[in-house]
Colleague: 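One structure follows; several queries about it will come next.
In listed order, ligands and their atoms are each counted from 1.
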Amino acid sequence: MLFGEILQSVEVLSAGGNSEIQLTGIAYDSRQANPGFLFVAVEGFQTDGHDYILDAVNNGAVAVILQKDMILPDYIAWARVPDSRKALALLSARFYNYPSRRLKMIGVTGTNGKTTTAHLIESVYRAAGHRTGLIGTCYNLIGEEIFEVKHTTPESTDLQSLLSAMLKAGVEVVAMEVSSHALNLHRVDGCEFDIAVFTNLTQDHLDFHENMEDYLAAKSILFSGLQGDGGKNGAKYAIINADDEAAARLTRLSGGQVITYGMVKKADIIAENITVRADGASFTVASRQGKVTINLNLTGKFNVYNALAAYSVGMVSGFSPQVIKHALEGVKGVPGRFELVDEGQDFAVIVDYAHTPDGLRNILNTAREFTAGKLINVFGCGGDRDRTKRPLMGEISGRLSDFTIVTSDNPRREDADRIILDILVGISRVVERDYYTIISDRRAAIKAALAQAASGDVVIIAGKGHETYQIIGDVRYAFDDREEVRQALRELFSLPVT
Ligand SMILES: CC(=O)N[C@H]1[C@@H](OP(=O)(O)OP(=O)(O)OC[C@H]2O[C@@H](n3ccc(=O)[nH]c3=O)[C@H](O)[C@@H]2O)O[C@H](CO)[C@@H](O)[C@@H]1O[C@H](C)C(=O)N[C@@H](C)C(=O)N[C@H](CCC(=O)O)C(=O)O
Ligand SMILES: Nc1ncnc2c1ncn2[C@@H]1O[C@H](COP(=O)(O)OP(=O)(O)OP(=O)(O)O)[C@@H](O)[C@H]1O
Ligand SMILES: N[C@H](CCC[C@H](N)C(=O)O)C(=O)O
Ligand SMILES: [Mg+2]
């Protein structure tokens, strides 16, 4: 595609060089630039892409988008735009010929439950006979093929290129997690959604968003952006959790038709007669289609919410209650979400991705319902992330567990012990010193929890779920809570290798 042609998709303040130059790709990182590429210089939080223009050109970039008032030599084609991050998204959508317009796009946003809900939605569409794609925290899926991910929601160019690959592979429907970072940083600009799903809004990411209002404003973009009648994909829908405080606001600003779900407030799709067991939850969905009972293999009331959201998507997509039921009941679990690690020990060990106050509260309350003995919780909080959630999570663990082991969870560039101190501020407010201990090394913390567990106890290892690393400084060390648990159980109890 020609530089001049692609520029038609953005507002250009000034431009120079040869607009007839052919582009072979787009890079926002100079290290990814190849011959014939367009390099988009983005002013970041850590560094400034404008400082890497020369690197990009040395790697073969022939054109540059910039936001700053700079002078470039004549042999480089360039254009200055008001917001290069936003331009990156719009140029990328144009470069890949707007793949989202030819896919049914279902975006899921909210503080917790995006990954689980996106998996459930993908399963519903697959059961209904569609070829599906999935984009999210654990991996991206093109049909059955699994791809590793860097982010929950990819950077705009990577997203457009992925959607284009999905189209080529015959994918018809994409279930996609849309993080608030992505909405704020224009990663999904130029991506047209047909259905937007809201799970919930509770505290997280206050390192990035100024306050909860700002956080909700970011989430809202997915709903206000639902415009038009959906073209060949039919009407657009906003699927909203009626029991969340943000429901009224999102309903007001949503484009498309709003469908609500819940179990407390009035809603279009309601869960009744909920029973939660250790290995699943059963409930009846009541909607304009009548009633259907679902026996979910995922436990906890919060997963009933996730299933209701997926049910609603299935319903507005015209699938029968039986197809949706079959699909939801077929999901055996989501990696690292309430994942039981069973090596034959006489207590339960659950690895879970709860890393927010609300997530931790839910998981501990749910586990408590099936705990005959003690409930032991091992958790830490991420470094370079919302500091204010740390004492809150400390308090929650203190209140809801019988014993807490405070440990490390991706300290990143922060000092691990200082993160732990933030957690201790909260836990020490609510319980005596005998109810918690500090073991900064996560491997040792897991081992200590398992060593003290007795028959009938439940051990929760929270915060990392599916993650297969521990980030210390800028280094990712191999670390998988599930593997660590297996290893420790074998060492402690000389269990047979399964
Ligand atoms: C806060 C945030 O999201 N930051 C993202 C943002 O980084 P940034 O703007 O600060 O980039 P920067 O490092 O300052 O660099 C500026 C520019 O210079 C470029 N550069 C840099 C070095 C170089 O040699 N050459 C070069 O061209 C960079 O590629 C970049 O374009 O743009 C980068 C490029 O896309 C992202 O990698 C980066 O994600 C960071 C690493 C991150 O950790 N993000 C997390 C918080 C995130 O996005 N999380 C959400 C999920 C959250 C949740 O729901 O739980 C997600 O969607 O994954
Ligand atoms: N609907 C929900 N409400 C509250 N907590 C939930 C809900 N669903 C899941 N959780 C809790 O949050 C954790 C993360 O769930 P999930 O991965 O589905 O959310 P997510 O929104 O994708 O998270 P992330 O933003 O980090 O990717 C789970 O392990 C569970 O503890
Ligand atoms: N995707 C989220 C959750 C990370 C979970 C936890 N393991 C951490 O590192 O804080 C984030 O990057 O904030
Ligand atoms: Mg997720």
Colleague: To which protein heavy atom is atom 1 (N) of ligand 3 closest, and what is the distance rounded to 0.1 Å?
Modeller: Y353 OH, 3.5 Å
Colleague: Out of the candidates N112, T111, D386, T202, only one should pair with T356 under the side chain to side chain donor-acceptor pair (under 3.5 Å) rule; please name it.
Modeller: N112
Colleague: Does R385 reach ligand 3 with a nitrogen or oxygen that is under 3.5 Å from one of the ligand's nitrogen or oxygen atoms?
Modeller: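 For ligand 3, there is an N or O atom that lies under 3.5 Å from one belonging to R385.
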Colleague: Between H181 and H205, how do the two ring planes meet: parallel, tilted or perpendicular, split at 30° and 60°?
Modeller: perpendicular
Colleague: State whether T152 contributes an N/O/S atom found under 2.8 Å from the Mg ion (ligand 4).
Modeller: no
Colleague: Looking at H205, which atoms of ligand 3 are within less than 4.0 Å of one of its heavy atoms?
Modeller: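 Contacts of ligand 3 toward H205, numbered from 1: 13 (O).
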Colleague: Would you say S317 and Y125 are linked by a side-chain donor-acceptor pair, where the criterion is simply a distance under 3.5 Å?
Modeller: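 Note: Y125 and S317 side chains meet the donor-acceptor criterion.
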Colleague: Identify whether the distance between the nearest side-chain nitrogen and carboxylate oxygen of D422 and R387 falls below 4.0 Å.
Modeller: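 Yes, charged N to carboxylate O under 4.0 Å.
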Colleague: With the threshold set at under 4.0 angstrom, would you say T152 reaches ligand 3 through any of its heavy atoms?
Modeller: no
Colleague: Looking at E177, which of its N, O or S atoms is the nearest one to the Mg ion (ligand 4)?
Modeller: OE1
Colleague: Between the Mg ion (ligand 4) and Y353, is there an N, O or S atom separated by less than 2.8 Å?
Modeller: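 Within the cut-off used here (under 2.8 Å), Y353 places no N, O or S atom near the Mg ion (ligand 4).
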Colleague: Show which atoms of ligand 3 fall inside a sub-4.0 Å distance from at least one heavy-atom site of G382.
Modeller: 8 (C), 10 (O)
Colleague: Run the salt-bridge test on R85 and D189 with the 4.0 Å N-O cut-off and return the result as yes or no.
Modeller: no
Colleague: Could you grab the distance from atom NZ of K68 to atom OG of S84, nearest 0.5 Å is fine?
Modeller: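 These two atoms lie 9.0 Å from each other.
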Colleague: Under a 4.0 Å heavy-atom cut-off, what residues line ligand 1?
Modeller: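 Correct list: Y28, D29, S30, R31, F39, V42, G44, F45, Q46, T47, G49, Y52, R85, K114, H151, T152, T153, E155, S179, H181, L185, R187, H205, F208, R385.
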Colleague: Are D441 and R443 ion-paired here, with the side-chain N under 4.0 Å from a carboxylate O?
Modeller: no
Colleague: Test side chain to side chain contact (heavy atoms under 4.5 Å, CB included) on L183 and V188 and set out the steps.
Modeller: CA-CA 6 Å; L183 287 160; V188 293; 3.7 Å; yes
Colleague: If we ignore angles and hydrogens, is there a donor and acceptor under 3.5 Å between the side chains of T137 and E177?
Modeller: yes
